[in-house]
Amino acid sequence: MKISHISAFFFCVFIFLACKKQKDSNSNVEVIDITLSKDIKVSSVFKNIKFIPLETNKNSLVGLHIKKAEIYRDKIYFLNQMSSRSNVLCFDINGYYQFKIDKIGQGEGEYTYLNDFIINPITEEIILFTSGRAIYFNMNGNYLYEKRSKEIFPISQVLFLNDSTYLIYDNNAFLPTENTLFYLDSRSLEIRRATNNMFNYFYETGTSSLSIYRDNVLFYNGNDTIFNVKESKGKYYINFGKKQEQARCLIKSSYEENTENQQIKAIDLLMEGLFNIVISLGENEEYIYANYLKDSGSNKNEESFLKNFFIYNKLEKRTYLSDKLIFDNLGLLTIRNITLIGSTEKMLFGIMDGTFTEKERDLISQSDHPDKDKILTRDFEDNPVLLIFQ
């Protein structure tokens with residue numbers, strides 16, 4: 001009995017020291033404090049919010065969810081996750097469908113699984129990435145050519161750095177051994193340099209962890225730290241509160257030379273409402289923003305996970321949470337089914353899924369928002385609504 005008490009004591013000391021070390025390591029970075037966010041009217045944060053239903057037809061259907069958006073000139077390009085495959089959908093800024101890239105197969109210009117895509121603004125090409133290949137299309141979705149690499153390497157996310165270099169994120173981290181970030185030569189598709197895990201990656205979440213704004217590349221490492229990739233050091237620390245810190249320490253303690261233990265522990269704590277997982281990150285001139293998952297507390301399964309986001313004003317050092325944003329321009333308290341998907345210098349873009357309750361529809365109908373009719377006439381099976389925050 002005494003031995004078990006002693007073991008428990010040393011275990012607690014270990015956890016305390018691990019947490020203290022983590023806290024000390026973040027003492028020199030800017031803190032994005034989620035815990036200080038308060039209810040605030042959307043109209044006091046953004047001058048204007050547009051609600052634009054995406055055109056629905058047999059060619060433009062959005063699948064399970066939109067994984068990514070690229071905004072170029074007057075068009076928006078979506079990485080659309082279907083039930084069995086992915087494709088690229090293009091809409092104009094008013095929500096009208098333009099075209100799709102959906103070439104499933106084994107032939108030239110075709111793919112069986114689409115990992116990611118980017119837009120090269122210099123050559124004005126859409127580049128799709130899949131299993132050691134880059135497939136090139138013009139800005140109207142017409143196939144141009146493809147390139148093959150000498151080796152097949154896993155890709156979870158791609159960033160365009162310049163005309164000669166892409167930055168690749170691999171959340172599987174096994175080629176080269178234990179690396180997560182790679183600099184890829186755009187001409188030869190050969191790996192120039194790998195990071196050797198310089199960012200002390202915490203656990204594998206399968207998230208979109210990279211963000212680029214101008215030449216500033218940010219990387220979220222699963223440890224609630226956002227790193228500046230060029231400087232190889234932490235720039236922001238997301239403070240989700242004490243429960244998050246305690247949960248993170250428990251996840252660390254479950255690591256026994258097997259990252260699967262960490263993943264399982266992270267999901268368990270998420271479902272218990274004790275842990276938040278950031279799933280994507282972005283930045284523009286004014287804001288850092290991220291989507292994250294937390295449990296609703298309603299039941300213990302994956303369906304209970306809620307999508308949330310935070311927006312951090314870099315100049316004012318102020319954080320806004322999605323569940324505390326009051327959509328006063330629609331007569332509503334909150335809208336919980338919004339995911340931020342991209343940005344330009346001055347605008348944020350979001351996707352709103354689902355429909356409103358009868359009570360919410362009554363409130364919207366009484367509001368004076370110019371887009372209210374577009375929202376109210378949308379059917380349950382229609383494509384989601386594009387939101388533009390300005």
Side-chain angles (χ1 to χ4, degrees), residues 22-23 25-50 68-72 121 157 159-162 167 169 181 199 202 207-241 244-245 276-294 307-327 334 338-351 387-390:
Q22 172 64 35
K23 211 166 187 178
S25 67
N26 291 307
S27 58
N28 295 320
V29 301
E30 188 170 335
V31 176
I32 299 175
D33 200 330
I34 304 300
T35 64
L36 298 179
S37 180
K38 298 179 179 179
D39 290 348
I40 187 169
K41 293 180 179 179
V42 169
S43 60
S44 64
V45 181
F46 300 101
K47 294 180 180 178
N48 184 32
I49 300 179
K50 293 182 180 179
K68 173 183 179 177
E70 291 277 355
I71 298 92
Y72 186 72
Q157 189 182 2
L159 288 187
F160 175 87
L161 297 185
N162 51 59
L167 182 61
Y169 167 56
L181 292 179
F199 301 119
F202 184 40
T207 62
S208 300
S209 300
L210 284 170
S211 167
I212 185 168
Y213 169 64
R214 295 181 178 173
D215 61 347
N216 185 42
V217 179
L218 299 180
F219 175 67
Y220 171 78
N221 79 331
N223 209 15
D224 293 342
T225 302
I226 299 173
F227 284 87
N228 181 305
V229 171
K230 286 189 176 181
E231 298 177 0
S232 300
K233 66 180 182 180
K235 186 171 184 178
Y236 300 98
Y237 174 69
I238 307 170
N239 178 23
F240 282 107
Q244 180 86 353
E245 293 178 7
N276 303 287
I277 295 179
V278 172
I279 55 176
S280 63
L281 177 71
E283 182 181 18
N284 69 359
E285 182 180 40
E286 192 170 358
Y287 301 110
I288 299 286
Y289 58 92
N291 298 293
Y292 63 97
L293 291 178
K294 72 175 182 179
K307 291 181 181 179
N308 297 264
F309 64 81
F310 70 75
I311 300 171
Y312 178 68
N313 188 305
K314 294 185 289 185
L315 180 62
E316 299 177 0
K317 314 295 184 187
R318 186 170 182 178
T319 307
Y320 308 108
L321 292 187
S322 54
D323 57 2
K324 293 184 180 296
L325 283 176
I326 300 172
F327 282 76
T334 58
I338 297 174
T339 302
L340 297 179
I341 56 170
S343 60
T344 59
E345 290 271 344
K346 301 289 185 180
M347 295 185 289
L348 298 180
F349 293 82
I351 285 290
L387 274 67
I388 303 179
F389 300 87
Q390 296 175 286

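No hydrogens, no waters, no symmetry mates; every other heavy atom, side chains included, goes into these values. Model, not experiment: these values are computed from the prediction.
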Determine whether L218 and L210 satisfy the following criterion, side chain to side chain contact (heavy atoms under 4.5 Å, CB included), listing intermediate values before the conclusion. CA-CA 6 Å; L218 299 180; L210 284 170; over 6 Å; no
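- Side-chain contact check for N228 versus V217: every heavy-atom pair is 4.5 Å or farther apart.
- In this structure, the separation between CZ on F46 and CG on L387 is 10.0 Å, given to the nearest 0.5 Å.
- Legend: residues meeting side-chain hydrogen bond (donor to acceptor under 3.5 Å, both in side chains) with E316, ordered by chain and number and at least two apart, are absent.
- Between the side chains of Y320 and S37, no donor-acceptor pair of N or O atoms lies under 3.5 Å.
- Side-chain contact annotation: N291 with S280, donor-acceptor N/O pair under 3.5 Å present.
- Ring geometry, F310 versus Y292: the interplanar angle falls from 30° to 60°, so the pair is classed tilted.
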In sequence, state the C-alpha distance, the side-chain angles, and the governing distance for I338 and I351, and then conclude on side chain to side chain contact (heavy atoms under 4.5 Å, CB included). CA-CA 6 Å; I338 297 174; I351 285 290; over 6 Å; no
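- Between F227 and T225, the closest side-chain pair of non-hydrogen atoms falls below 4.5 Å.
- In plain terms, the two heavy atoms of I388 and M347 that are nearest each other are CG2-SD, 3.5 Å.
- Taking the side chain as every heavy atom from C-beta outward, S343 and Y287 never approach each other to under 4.5 Å.
- A 4.5 Å side-chain heavy-atom check between F309 and I279 finds every atom pair outside the cut-off.
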What do the steps show when you test I212 against L161 for side chain to side chain contact (heavy atoms under 4.5 Å, CB included), and what is the final call? CA-CA 8 Å; I212 185 168; L161 297 185; 3.7 Å; yes
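- K68 meets the side chain to side chain contact (heavy atoms under 4.5 Å, CB included) test with E70, L79, D116, F117, I118; sequence neighbours excluded.
- If you take CZ on F327 and CG on L325, they are separated by 5.5 Å, rounding to the nearest 0.5 Å.
- Looking at residues two or more places apart in sequence or on another chain, you find no salt bridge (Lys or Arg N to Asp or Glu O under 4.0 Å) involving D39.
- Remark: K317 engages E30 in a side-chain hydrogen bond (donor to acceptor under 3.5 Å, both in side chains) (not counting sequence neighbours).
- Atoms NZ and CG, from K230 and L167 in turn, are 10.5 Å apart once rounded to the nearest 0.5 Å.
- Two residues are said to be in side-chain contact when any heavy atoms from C-beta on lie closer than 4.5 Å; L281 and I288 meet this criterion.
- In this structure, a donor-acceptor pair under 3.5 Å is absent between the side chains of Y213 and E285.
- Donor-acceptor pairing under 3.5 Å is recorded for the side chains of Q390 and N48.
- Taking CG of L159 as the start and CD of Q157 as the end, the distance is 5.5 Å to the nearest 0.5 Å.
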Could you walk me through whether K346 and N284 pass the side chain to side chain contact (heavy atoms under 4.5 Å, CB included) check? CA-CA 7 Å; K346 301 289 185 180; N284 69 359; over 6 Å; no
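- Remark: Q244 pairs with D224, N276 by the side-chain hydrogen bond (donor to acceptor under 3.5 Å, both in side chains) rule, at least two apart or across chains.
- Within the 4.5 Å cutoff, the side chain of Y312 has no heavy atoms near those of the I238 side chain.
- Residues S322 and N308 share a closest heavy-atom pair of OG-CA, 3.4 Å.
- With sequence neighbours excluded, no residue forms a side-chain hydrogen bond (donor to acceptor under 3.5 Å, both in side chains) with K324.
- Within the 4.5 Å cutoff, no side-chain heavy atoms of S211 are placed close to those of F219.
- The shortest distance between side-chain heavy atoms of L348 and Y289 falls below 4.5 Å.
- A salt bridge between R214 and E283 is absent, with no side-chain N of the basic residue lying under 4.0 Å from a carboxylate O of the acidic one.
- Rounded to the nearest 0.5 angstrom, T334 OG1 and I326 CD1 are separated by 8.5 Å.
- We find the CG-CZ distance between D33 and F240 to be 10.5 Å, quoted to the nearest 0.5 Å.
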